[in-house]
Structures are given as C-alpha cells and as structure tokens.
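Within every chain, numbering begins at 1; the chains are lettered A, B, ... in the order of the sequence lines, protein sequences first and strands thereafter. Every value quoted in this text rests on a predicted model; they were computed, and no experiment measured them.
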Protein chains: 2
Amino acid sequence: MAHSALGPGREFDLIRAFTAQDERLRSAAPSRAVVVGGGDDACVVAGSGIALSTDISVEDVHFRRTWISARDIGWRATAASLSDLAAVAARPIGILVSIAASSEDMESFVIEVMAGVSEAAAAFDAAVLGGDVSRSPGPLVLDVVVAGGVEQPVLRSGARLGDGLWVTGSLGAAAAAVLDWNAGRPPQPDAIAAFARPRPRIAEARWLAEHAPLHALIDLSDGLAGDAAHIAAASDVRIILDLDRIPIHSAAVAAAPGTQPAANTQPADARITHALRLALAGGEDYELCFAAPAGAIEIVADAFVQRFGLRLTRVGTIDAGSGVVTADALGELHPLAIAGYTHL
Amino acid sequence: MAHSALGPGREFDLIRAFTAQDERLRSAAPSRAVVVGGGDDACVVAGSGIALSTDISVEDVHFRRTWISARDIGWRATAASLSDLAAVAARPIGILVSIAASSEDMESFVIEVMAGVSEAAAAFDAAVLGGDVSRSPGPLVLDVVVAGGVEQPVLRSGARLGDGLWVTGSLGAAAAAVLDWNAGRPPQPDAIAAFARPRPRIAEARWLAEHAPLHALIDLSDGLAGDAAHIAAASDVRIILDLDRIPIHSAAVAAAPGTQPAANTQPADARITHALRLALAGGEDYELCFAAPAGAIEIVADAFVQRFGLRLTRVGTIDAGSGVVTADALGELHPLAIAGYTHL
C-alpha cells in the first residue's frame, strides 16, 4: 500500500492528521489493503480494480446560487468529483450523491440540482448508484462519491528526474469568473462556462495513459501552483515551472484586475501578471497536469490535439530537490511565491 | 440489474424522483451495470463484488453536540453508514469521510470527530481510504461512504409468502434517549450508549446469511414500522406484525412518556403503548430485520444468541398483499397506524 505525501496547506494538514492516526488500522488490516490510500486523488481498492473518491461542495464556499443555476451546481459538484477519476486515469462506473438542504430547497431546488448531477453523470458514462438526502438548517451541501474502474492507476508520486511537466487546456478561466463575481462585474461567458460546467478530462487521461508512459498525474483542482507542489511532495522531486509557457485562458486575461483571486495568494515576482496569477493560483480548472519522460509527449501531442481539440503544453521540468521553483531572468531559481487556491 | 421499490415517505419520494430521471442512464449503460441499484441499502458494482453506500449526518438534525461528544459524533455517523453494509450482508473494506465544518470547529473539534470515525472503522475492520474537508458557514455535516465486499448480497426484495420476519436485539433505546433529551431530562445510560455508540450488526448479518436461507434483509435505521414497510414494498408482499412480540428495550420502557418521538407519528390502537411506539417508530436502532422461511431461523437461534449475546425475535409473518398490518383482538387485520421515524 502506497501513500502519497501531500503538498502544503491547511486542508492537507487536517487530512494528514486524520490519516496519521489511522496508520495503525492500515498496518493492522493488510488483507483489506488499498493500492493507493488517502492523499492521492482517488483510492483504489486492492484486488477489485475499483477507484473511489469523494468531493464535498458547500454553498457560499464552493459556489453561490446567485452565480449559477441549481442545475449547474449539480453538474459542477459531479464534474469535480469525476475529475478525481481522471486524475488516476480511471474510467467512471457510477456515483453516489449525498445532499443536505433546507426544507425550502428540498423540493424543486434539490430536484434541479439532482438533474444537473444526473446530466454530468450521463455525460461521462457514470450511473447514479445511490445517495442520501437530509434536511439541514445550513447551506446546501453536496457530497459526490465516484467509483471508477482502473487497471493501472497513474499516481502523483511517480515523477522522475528529467521528466517534462505538462498541462492540458488553458488555465485561469474559472478563477476569472469568481474574481469578477466577487467584484460585482459580470464575468465573460466562457469564464462562467468554465466555472459552471467544467469537463473532467476522463477520456483525455485514459488516452494519454495508453499512448505515453505517464509517470505522474493529477487534476488541477487546487491551481497549478498547488497541484504541482502536490506532485513534487508525493514524488520527492523539485519542479521547475517555466512561467513563460503557462497556457493562460483568454478569459483570465480579460478578467478585470485589481483584486486578489484568493486571500492566501501573495505577490510574486514582476513577471507574475494578474492573468498569470489566475492561471497559477486559481483553482478548479479541472485540467490535467502530468509528468512524462522527455520526448514522450511531443510525439503524441499532435494526435492528442486533433482528437480532443485541447491544448497540450509543456510547462516545466522535474528536477532533484523539493518544492516548486521558477527561474529568474538570470537563470537563478527561486521558490514560486504564490500559493495554490484553497477554500479553507 | 434489480431495483428495489421504496416504502412511503418524503425522503424516499426524493430518491424516487432522482433515480427515475436516471432510468435512461441505467438502460444506456448495461456494461457498467450494478447488481443492486439505488433504493436498496447499498449498491453492488457488477463484476467487482464491491458494495457501496453513503450516509449523511447533519448537526441539529441527526445529533446535537450538547448531547454527545465529538468522538461519539464521528463513531455514530460511521456506524450508521457501516450498518448499510450489514443490511446487505457485506463485509467492510473501507470508508471515505467528507466533513463540512465551521472555521472554529476545523481544528480540535473536527480532529476529535475524525478520531471517532477512525475508532468505529477500526472496530469493524474498515480502513479509512480517503475523504474531503471543507469549511462551511453552517452546521457540522459528515458524509460517510462505505465500501464492502459481498459475494451474494441479501436484498430487501426477496421476502416470500409464509416467511417469518425477525429482528435482532431490542428496539427503541436510541429513540428513548432523543425523547428524554428533547424533554430536558437526562436519558438512561444505556439509551445514551445506544444513540452515541450504535454497533452495526456486520458479523451478525454475515453469520445469519451463512447459516440460514435469508430471503430479505434490512437494517433498522428508520424504525421497524418504516423498515418493514420498505421490505413489504420491495418484495411486493404484506407484512403482518405481531405487536405482542416486539422486543422493546428496557430504556424505552423507562423513558419518560408524554411526548411524541417524532412529528410524523400518529396514535395507533390502544395496544401501541408509549414504549412500543418508541420501538416501532424510533429510528436508528441499527439492528437487523430479515425474512426467512418458517422454521429456518428457529434451528439456529440458540447458536446465534450464544455467539453474539443478542436477542433474536420473530415479530411477524410475510403475507400476500401490500403494506404493514397488525391483527386486533378479534384477529382482524388493520394497517399499522404509525409511521417510521424520518429526519425530513
């Protein structure tokens, strides 16, 4: 049973505290072992080829109902959870949905949320297997559990020296929408779409895993800066990010500047423009980030782009050491002075 | 793929609405079929022998922190979810835990809740596989997902004419605790224990499934009246409950009378005493209720009681028709005028 190390952050401290106290259980129950435990994007139950992951969405933390529709809320929560299957190159089997909602929301609003859940599940070949519903005096809470099938999960922990670090798509659009909403401005339509209707890169991850020797894989839920740090921590390597190559979404460039995308981001060097900060620190792009041997992706990149109509960009290199760094104009390496976006 | 019909109730209406709209998905994806779908206690993923279920607990709906400790909250939520594995005679493999909590609770309170989660998982041989944590402006919400292994799940839907209906243990203690707490009286210690530290009947269910031909099985989470109605609906049969044989917990007898255990219970006939009402309508006993051919349980009952130190009581008979009925003093059958306890 392998456990991935986690990157920095308060949420991860809690998960660490949680799993640490459970170490006894794990070593006491080898026959019930999991291939991948808590800390990676999904766990894989040994002997079954079943990957499981859970993702909780809380109103006014992960979304506001003034921003997106009930149906979008359901889609988004489900897509976010399915993205954890993409992150280990698993194929969806089904989902379970738990909802806590106020008595007023319990009828039509929750039914609409569930319609969005079903729509997202159908779009990515997952059946709705079950769920639970409870009244709550608090905000709408959705917990979506995904079950997937996976023969050979790709973990966060396998990045090796000399590997290239790649991302799919372009980054920062969902964060741009949040930025504009928070500033009281209407976001760009494609920024809204990126936030409300993210598309987990399920087929893309499976295609890449079939066509190239992926060493490490993660989905960009915490932002590239944060998720690269997770790969670095889990793989015990240092990642050199090439800031000039980050594929910034046009909606991030268009988003009105002047506000920080998240409370815990800090100004970095001068090259970290406003749009680049959204691309690096903005969460919930749900694109893929992966490490593969030098040259391995270049030869399949055209086929990937043709098949999926999605960019594929090399954004960094795996190096010895720890953490995430960038090179300055003189070629000197400095820690990336920007944190991943987190809800906590 | 078999889907169980659900008994009456508002929560079940929502689940029905949810799964109905998903019928298209199910028929569209036969290769990803599940053996048991939403509506039974757990779903079983076809070909994998993996049973999954989810159970959400909301502060001030399912528990109050003035009643039980943070550790008990974690134990209780986990035990409730594991009980869904007992309900299909599955063995636990692992759990995933999602928690939404206030910023103030995020440190020590949540860690204590998680300690209770781990304790319950360890007690029933489940590993903690993963989870998710989010800040929330609302009440503490825990969603515990359980994964189990099962070769031959026992469903709600197999009860046959002439079967006896049985329950393990004695009923009404958890409801007695809630009744006393709500009335401002300290509950009996064993009522508190029944509410705070329920023990899912995992080993008991597997033993029974191995030693007797169980036709239908459910765990008593909604109260015997409600859960018997679920078996009746799923199996398309009528259940005749023998009110004189219901094993009432001594704590239910001792609980102070005068208050309804739940808003949606109604007075039934005169034989439904206050204590009997707690046993019939009180939720969350997490005992087992099952149907088996006449004579099949009697011959293994002594061995069961010796092994588990737990009562085993025949409480009714499976008949043709629908719903749950009781016989009056003249032998006439009447619908049981008491609803199962529900949080909604």
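Remark: of the listed residues A/L96, A/D143, A/L142, A/D143 is the sole one forming a side-chain contact (heavy atoms from CB on, under 4.5 Å) with B/D143.
A donor and an acceptor atom, one from each side chain of A/S48 and B/S48, are nowhere located under 3.5 Å apart.
The choice from B/D60, B/V141, B/L52 that makes the most heavy-atom pairs within less than 4.5 Å of chain A is B/L52. When each of B/A147, B/G94, B/S98, B/P137 is scored by its heavy-atom pairs under 4.5 Å with chain A, the top score falls to B/S98.
With rounding to the nearest 0.5 Å, the separation of CD1 in B/I50 from CD1 in A/I93 is 9.5 Å.
A donor-acceptor pair is defined here as one N or O able to donate and one able to accept, closer than 3.5 Å; such a pair exists between the side chain of A/D132 and the backbone of B/I56.
When heavy atoms are compared at a cutoff of 4.5 Å, B/A100 approaches chain A by way of both its backbone and its side chain.
Taking all atoms of both residues into account, the shortest heavy-atom contact from A/G138 to B/P139 is CA-CD, 3.4 Å. Taking all atoms of both residues into account, the shortest heavy-atom contact from B/S134 to A/V58 is OG-CG2, 3.6 Å.
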